[in-house]
Amino acid sequence: LAALVLGGCTPKNAATEAGKNKTGGSVYATVEDDLGRKVVLEKKPERIAVLGMSLLNFVDAVGGKIVARPTDRLSNAVPQQFLATPEVGTMNNINLEALIAQKPDLVIVNKTQQEKIIPVLESNNIKVIATGIKTVADVERNLKMIGQVYGQPQKDEDRVAAIEKEIKGIVSNVPKKKIKIVILHA
C-alpha cells in the first residue's frame, strides 16, 4: 500500500533508508510504495519527475510541479501546465540519461512498466516511489500519497471526496430494474 507515515523505521539502503536524516533530525515523510518498500524523504522533494501519464493528473490536482514527464502520444493527455516540461521517453522506454540530466530528487514510476529502472535511479541517489493503479481504491490511495509528497494533503482529500461523490452519482443513476442481455457471436 502506498500509505504515508510520518516517522521512521530501520535503515535499509541509501534510497530506502528509514528513520532519521544524516544529521540525526526527523524526516519529511516515509512513504510505503506499491512494491512494499519504505521510501524515506529526508526533506520535501523539490525536483520531482513523474513517469506515469495518469499520475500527471494527480500532480495537477494538488497543484504540484514536475521537472520531467513521459512523452505524450495523445496531445490531450497531458495537463496544460506540464506541456512545456521536458519529456524523457515513452512510459515503456524511458531515456535514463535524459531523466537523470533533469536532476530529480524524487521520481514517481509506474511499478508495472518501470520497475526495472528503479535500481539505476537509486544508484544515482535518486529516491523512487513505485505506484500501481488498477482500482478506484488505488486511485484514491495514490492521490493521497501524491498530496502528502507535495505537502498538499487537503487538496488530495478534496479530490478524493469529489471522486467518491462522482461515483455515488453514477451509481445512483443506474437503473434498479434488472435487465437480461444476450450476446450472440456468429
Side-chain angles (χ1 to χ4, degrees), residues 1-4 15-16 29-39 41 44-96 98-100 102 104-122 126-171:
L1 297 174
L4 181 83
T16 58
T30 301
V31 176
E32 184 174 340
D33 71 7
D34 285 347
L35 291 174
R37 304 169 331 122
K38 293 200 183 313
V39 181
L41 305 175
K44 184 177 178 181
E46 296 175 4
R47 299 188 55 79
I48 301 173
V50 176
L51 303 184
M53 294 303 288
S54 60
L55 295 171
L56 293 175
N57 293 308
F58 293 13
V59 174
D60 187 46
V62 300
K65 303 217 179 307
I66 59 173
V67 297
R69 67 173 177 86
T71 300
D72 175 31
R73 292 183 188 201
L74 304 171
S75 62
N76 62 350
V78 177
Q80 185 69 32
Q81 74 160 330
F82 302 136
L83 288 175
T85 302
E87 297 178 12
V88 292
T90 63
M91 285 186 52
N92 292 321
N93 192 20
I94 297 297
N95 180 333
L96 289 170
L99 175 58
I100 293 168
Q102 296 304 316
D105 53 5
L106 174 66
V107 177
I108 302 173
V109 302
N110 177 296
K111 75 175 186 175
T112 305
Q113 295 169 307
Q114 298 152 343
E115 182 177 3
K116 66 183 181 254
I117 69 171
I118 294 173
V120 175
L121 295 171
E122 289 179 339
I126 300 169
K127 305 285 184 173
V128 181
I129 296 174
T131 63
I133 301 172
K134 291 186 178 183
T135 67
V136 172
D138 293 341
V139 169
E140 292 176 355
R141 184 183 67 253
N142 282 292
L143 183 57
K144 288 179 182 179
M145 180 271 299
I146 295 284
Q148 293 296 334
V149 165
Y150 278 93
Q152 298 291 333
Q154 187 56 48
K155 285 186 179 181
D156 69 58
E157 290 293 336
D158 292 346
R159 186 64 190 125
V160 167
I163 290 170
E164 290 173 351
K165 183 178 178 182
E166 286 178 51
I167 291 171
K168 285 179 184 174
I170 292 168
V171 169

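Both backbone and side-chain heavy atoms feed into the values below; hydrogens, waters and symmetry mates do not.
Lys127 is not listed as a side-chain neighbour of Asp105, based on a closest heavy-atom distance of 4.5 Å or more. Side-chain contact between Gln114 and Ile118 is absent, with no heavy atoms from C-beta onward closer than 4.5 Å. The shortest side-chain heavy-atom distance between Asn110 and Ile133 does not fall under the 4.5 Å cut-off. Counting heavy atoms from C-beta on, the side chains of Val31 and Gln148 never come closer than 4.5 Å.
Between Asp138 and Lys134 no salt bridge is recorded (no basic side-chain N to carboxylate O distance below 4.0 Å). Ion pairing between Asp34 and Arg141 holds under the 4.0 Å rule for side-chain N and carboxylate O.
For the pair Phe58 and Asn142, the tightest heavy-atom approach, listed with the atom from each and the gap, is CE2-CB, 3.8 Å. Leu99 and Pro104 get closest at one heavy-atom pair: O-CD, 3.4 Å. Shown here for Gly64 and Gln81, the closest heavy-atom pair between the two residues is O-NE2, 3.3 Å.
Distance NZ/Lys38 to OG1/Thr30: 8.0 Å, rounded to 0.5 Å. Here Ile117 contributes atom CD1 and Ile100 contributes atom CD1; the two are 8.5 Å apart, rounded to the nearest 0.5 Å.
A donor-acceptor pair is defined here as one N or O able to donate and one able to accept, closer than 3.5 Å; no such pair exists between the side chain of Arg47 and the backbone of Val67. Looking at Asp33, its side chain does come within 3.5 Å of a backbone N or O of Ala130 through a donor-acceptor pair.
Of the listed residues (Glu32, Glu122, Glu115), just one forms a salt bridge (charged side-chain N to carboxylate O under 4.0 Å, His left out) with Arg37, and that residue is Glu122. Only one option out of Thr131, Ile108, Ile66, Val107 pairs with Leu51 in a side chain to side chain contact (heavy atoms under 4.5 Å, CB included); it is Val107.
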Donor-acceptor pairs under 3.5 angstrom involving side-chain atoms of residues 82-94: please list them, not counting sequence neighbours.
| unit_1 | atom_1 | unit_2 | atom_2 | d |
| --- | --- | --- | --- | --- |
| Thr85 | OG1 | Phe82 | O | 3.3 |
| Glu87 | OE1 | Thr71 | OG1 | 3.3 |
| Glu87 | OE2 | Arg69 | NH2 | 2.9 |
| Thr90 | OG1 | Asn93 | N | 3.3 |
| Asn92 | OD1 | Gln113 | NE2 | 3.1 |

